[in-house]
Amino acid sequence: PRMKDTQGYKDLMRAIDGETIHNEVYHSPISNRYYENTLVPLRDHDDKIYAVLVMAHDNTELIASAKKLNDAQQIAQMGHWDWDVLSNRLTWSDNMYNVYGINTADGLDFDKFISLVHPDDRANMQANIEFAFQTQTFNDFFHRIITPAGETKIIYARGEVVVDKDGKVTRMVGTGQDVTKQKLLEHQLIETSKKFEERNRFIEKLISSSLDLIMVIDKDLRFITINKKAETVLGRVFKGSIIGEKITDMNPGVIGTQSY
């Protein structure tokens, strides 16, 4: 009784009426599994339908694996692509469409893909494609895209080149990953590092030009840094290099004093 009003029941009724039904993916609410199924009306000598042949292949594990792959790609902001260069047909995974911000129903070809690449990166994109054709090697590279919504993203492209028995390139397959956040963070870290370097250079310059004696001494009592004023004063008493030397080796008499 649970079958009534389900898709399976409707398909069966259509088949009884003479229509051949094929579902690439059919979910059975009874078994809670996924099938590829076909329903074929069987006719007698008078061309009357007397039965329906039902064939079903259980694809539950395959579909579950595909779902896990899609989930993993969504988490990694990654999709995969397949370019048949002979027919110029480009095939993307669902999440590749998500990364580029376009609807799977809109379809895609190579020219449309190129139109999404940032204008300033198209020449480099073409150069990488030509290199792949010439050397049969796909060099990983970064490029920018502009989605239909106007959002700029940075994509990391990886791939492999497929050739036929004559060594002719027939396909290229690979992945595209949205690494915008990683690249922005990397840029911020570089900028922060530059600011630290600038600040350190300013401090070093300030210390070096100070009229006060400035010295940095580590826990082993070795001189790490001294400014010019300290170098001049200490140089009158101690000959040779001072950096790296221990105070107590240079002046054992300092032990037990207030400064020690």
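All heavy atoms count here, side chains included; hydrogens, waters and symmetry mates do not.
Among residues two or more places apart in sequence or in another chain, the salt bridge (Lys or Arg N to Asp or Glu O under 4.0 Å) test is passed with R43 by D47. Residues meeting the side-chain hydrogen bond (donor to acceptor under 3.5 Å, both in side chains) test with H22, sequence neighbours left out: E36. Evaluation of the side-chain hydrogen bond (donor to acceptor under 3.5 Å, both in side chains) rule for T152 yields no partner, not counting sequence neighbours. Remark: K194 engages E191 in a salt bridge (Lys or Arg N to Asp or Glu O under 4.0 Å) (not counting sequence neighbours). Residues satisfying the side chain to side chain contact (heavy atoms under 4.5 Å, CB included) criterion with N103, sequence neighbours excluded, are A105, D106. Contacts of P252 classified as side chain to side chain contact (heavy atoms under 4.5 Å, CB included), with partners at least two apart in sequence or in another chain: none. Residues forming a side-chain hydrogen bond (donor to acceptor under 3.5 Å, both in side chains) with S259 (at least two apart in sequence, or on another chain): T257.
The aromatic rings of Y100 and W92 lie tilted to each other, with the angle between the two planes from 30° to 60°.
Cluster partners of Y50, using a side-chain heavy-atom cutoff of under 4.5 Å among ILVMFWY residues and allowing indirect links, are V40, L42, L53, M55. Taking a 4.5 Å side-chain heavy-atom cut-off between Ile, Leu, Val, Met, Phe, Trp and Tyr, the cluster of F196 contains only that residue. Through direct or indirect side-chain contacts shorter than 4.5 Å among Ile, Leu, Val, Met, Phe, Trp and Tyr, L211 is connected to no other residue.
R14 has a carboxylate O that lies under 4.0 Å from a charged side-chain N of D11, or vice versa, which qualifies the two as a salt bridge.
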If you look only at distance, which donor and acceptor atoms sit under 3.5 Å apart when one is on a side chain in residues 219-226 and the other is two or more places apart or in another chain?
residue	atom	partner	partner atom	Å
R222	NH1	G244	O	3.1

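Note on residues 148-169: pairs passing ring-ring contact (aromatic ring centres under 6.0 Å, His included), not counting sequence neighbours, are F142-Y156.
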